[in-house]
Protein chains: 2
Amino acid sequence: MTTRRGRPPKDSDTGLSRDRILREALALVDEEGLDAVSMRKLARRLGVDPMSLYNHVDGKEALLDGIAEVLLAAIPATTPGPDLRTTMSALAHGFRGAVLGHPRAAPLVLTRRLASLTALEPVEAVLGPLLAAGYPPERAVHGLRAVLAFLIGTLMREVSAAPTFSHGSRERLEELEASGLPAVAAAAPYLAVCDHETEFEFGLRILLDALAP
Amino acid sequence: MTTRRGRPPKDSDTGLSRDRILREALALVDEEGLDAVSMRKLARRLGVDPMSLYNHVDGKEALLDGIAEVLLAAIPATTPGPDLRTTMSALAHGFRGAVLGHPRAAPLVLTRRLASLTALEPVEAVLGPLLAAGYPPERAVHGLRAVLAFLIGTLMREVSAAPTFSHGSRERLEELEASGLPAVAAAAPYLAVCDHETEFEFGLRILLDALAP
DNA sequence: ACCTGAACACCGTTCAAGT
DNA sequence: ACCTGAACACCGTTCAAGT
């Protein structure tokens with residue numbers, strides 16, 4: 001909220017800026033999905049020539065990276081809790097919350113190799129307590145990566161961009177039962193349904209049991 | 001290798017078929033990457049009008065789903081081993097091998113919600129031993145899903161479509177050390193490097209310790 | 001320093017026509 | 001049943017021109 005060098009409020013209406021572009025782009029993704037994003041459509045929404053965007057953003061790929069970074073920046077800062085387990089759990093939930101806040105944009109975070117160092121604070125917040133608890137740094141990093149891999153995989157599923165054997169349709173259940181595969185048939189009622197919340201907690205618990213007992 | 005109703009060998013040269021299209025598409029992805037895939041370019045490679053593809057494939061999205069299923073079909077059949085742990089480990093390695101066989105196509109498998117029931121045999125191969133060992137089906141499914149989430153997340157990273165804090169560049173190391181974040185700086189040498197093989201084994205071991213002790 | 005618009009080389013897909 | 005090609009409504013980005 002620092003005043004902006006006396007420029008008139010025009011700035012936030014017609015004045016373009018990387019920030020305004022990224023915010024509008026995220027809104028576009030939220031409303032119409034990732035596939036609907038195009039430089040031209042985004043420019044139309046901003047009331048601007050498509051080429052004007054290139055003054056603030058390095059092309060479409062960079063635009064998508066920018067959106068991903070906006071999401072990452074929304075991970076709430078986490079102060080170390082009473083023990084390792086609760087801080088790690090809080091961070092995992094914070095990451096999940098930030099990503100699920102914009103489900104249609106989520107694949108950008110989960111899928112792109114981000115070059116920048118956004119999201120380094122959350123890493124510090126995990127690594128700090130682990131090191132303080134006496135974990136050797138190498139093992140701490142392995143642990144961090146295992147949890148992160150799990151988070152990325154579950155979130156991809158939650159956001160419905162990854163394979164499940166579900167979405168609870170009646171037919172799905174019948175297909176599974178008729179598959180001719182005995183174990184699949186026996187577990188069909190559970191395969192046909194997927195409660196993301198409990199799947200998330202289940203996997204996270206297992207990992208934290210192993211890492212922060 | 002069943003003979004094809006006496007049609008001349010022409011079939012595999014100019015004759016189009018879903019199979020030939022998918023094989024050529026996978027080759028195209030392997031050579032030029034996912035972004036290079038277009039119906040028109042694929043048709044050019046097949047020496048055919050772009051519109052001819054639509055006689056065998058339902059559009060571009062369906063084409064990409066088809067490629068993903070080709071990859072999934074390459075998961076080697078796994079016969080149950082001596083114990084739970086080795087069969088589950090074998091399956092995880094089989095999945096990883098199939099995906100890493102076509103790294104540039106991998107995101108298709110890891111990222112798309114597949115409608116079809118390909119890859120149901122691997123599920124049977126995991127669930128069977130779990131149920132036989134007395135696991136309640138609900139818990140078996142949770143376990144399966146936790147492992148799958150981890151696999152998807154790690155593979156996404158291996159295939160370089162997901163965030164890391166590495167690829168072992170000298171500068172990366174220095175950036176991390178200069179980040180001002182003490183734990184990040186302390187663990188910098190390990191953060192700057194990522195051996196996919198050992199990360200994979202580490203995470204898998206933890207999960208299997210919890211699921212098949 | 002920023003914005004514009006024409007132009008280029010592409011896309012996926014519909015549709016009517018051919019064999 | 002399968003293949004074709006013109007046509008439509010889009011793309012991302014370069015480049016020269018404006019202010």
Side-chain angles (χ1 to χ4, degrees), chain A residues 4-29 31-68 104-105 107-108 111-112, chain B residues 4-29 31-68 104-105 107-108 111-112:
Chain A
R4 281 278 240 121
R5 287 273 227 75
R7 273 251 222 85
K10 190 176 178 285
D11 196 16
S12 56
D13 277 38
T14 72
L16 227 37
S17 70
R18 186 179 154 84
D19 243 52
R20 202 159 86 85
I21 291 173
L22 291 182
R23 270 202 315 274
E24 192 67 38
L26 181 53
L28 172 55
V29 176
E31 288 168 30
E32 304 190 35
L34 266 180
D35 292 343
V37 178
S38 80
M39 299 298 272
R40 294 169 116 111
K41 191 187 292 195
L42 180 56
R44 228 175 295 136
R45 282 176 70 118
L46 289 161
V48 116
D49 185 278
M51 280 305 108
S52 300
L53 302 178
Y54 287 80
N55 290 309
H56 303 91
V57 151
D58 225 23
K60 191 180 182 182
E61 288 305 292
L63 174 76
L64 296 177
D65 285 340
I67 301 176
R104 311 184 81 170
L108 295 176
T111 255
R112 324 204 112 223
Chain B
R4 278 281 237 119
R5 286 271 228 77
R7 272 252 223 86
K10 190 179 177 282
D11 196 16
S12 57
D13 277 39
T14 72
L16 226 41
S17 71
R18 187 180 154 84
D19 242 52
R20 202 158 87 86
I21 291 174
L22 291 182
R23 271 203 313 275
E24 192 66 38
L26 181 53
L28 173 55
V29 176
E31 288 168 30
E32 305 190 36
L34 266 180
D35 292 342
V37 178
S38 80
M39 298 300 271
R40 294 169 115 111
K41 192 187 293 195
L42 181 54
R44 227 176 296 135
R45 283 175 68 118
L46 289 161
V48 115
D49 185 278
M51 278 306 107
S52 301
L53 302 178
Y54 288 79
N55 289 309
H56 303 92
V57 152
D58 224 24
K60 191 180 183 182
E61 288 304 292
L63 175 77
L64 297 177
D65 285 340
I67 301 176
R104 311 183 80 170
L108 295 177
T111 255
R112 323 203 113 222

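The sequence lines fix the lettering, A, B, ..., with proteins before strands; numbering per chain opens at 1.
Atoms CE (A:M51) and C1' (D:dT14) sit 8 Å apart, rounded to a whole Å. A:R44 places its CZ atom 11 Å from the C1' atom of D:dC11, with the value rounded to the nearest Å. If you measure from atom CZ of B:R20 to atom C1' of D:dC2, you get 14 Å, rounded to the nearest angstrom. Atom CG in A:D35 sits about 16 Å away from atom P in D:dC10, given to the nearest Å. Rounded to whole angstrom, the span from the CG atom of B:D58 across to the C1' atom of C:dG12 amounts to 13 Å. As rounded to whole Å, 15 Å separates atom P of D:dT14 from atom NZ of A:K60. Spacing between atom CG of B:L16 and atom C1' of D:dT4 amounts to 13 Å, rounded to whole angstrom units.
B:D49 CG: more than 12 foreign heavy atoms inside a 6.0 Å radius. In this structure, A:N55 places its CG atom where more than 12 heavy-atom neighbours from other residues, nucleotides or ligands lie under 6.0 Å away.
Only the C1' atoms considered, C:dC3 is 14 Å distant from D:dC15, to the nearest whole Å.
At the heavy-atom level, B:R18 lies nowhere under 4.0 Å from the strands shown. Looking at heavy-atom distances under 4.0 Å, A:M39 makes contact with sugar-phosphate atoms alone, never a base.
Nearest nucleotide to the B:N55 side chain, out of C:dT4, D:dT4, C:dT13: D:dT4. Which of D:dG12, D:dC3, C:dC3 sits closest to the side chain of A:S52 comes down to C:dC3. Side chain of B:Y54, nearest nucleotide from D:dT4, D:dT13, C:dG12: C:dG12. Considering only the side chain of A:V48, C:dT4 comes nearest among C:dG12, D:dC3, C:dT4. Checking D:dC11, C:dT4, C:dT14 against every side-chain atom of A:K41, the shortest atom distance belongs to D:dC11. Residue A:D49 places its side chain closer to C:dG5 than to any other of C:dT14, C:dG5, C:dC3. In the set D:dC11, C:dC11, D:dC3, D:dC11 carries the atom at the smallest distance from any side-chain atom of A:R40.
Using Watson-Crick or G-U wobble geometry with both donor-acceptor distances under 3.5 Å, D:dG18 finds its partner in C:dC2. Across all strands shown, D:dG12 forms a Watson-Crick or G-U wobble pair, both distances under 3.5 Å, with C:dC8.
Between the OH atom in B:Y54 and the CD1 atom in B:I21 there is a gap of 11.0 Å [rounded to 0.5 Å].
Between C:dA1 and A:H56, no contact under 4.0 Å exists linking OP1 or OP2 to a side-chain N or O.
Under the 4.5 Å side-chain criterion, counting only non-hydrogen atoms from C-beta, A:H56 is not in contact with A:R20.
When B:V57, B:V37, B:L63, B:V48 are each tested for a side-chain contact (heavy atoms from CB on, under 4.5 Å) with B:L42, only one passes: B:L63.
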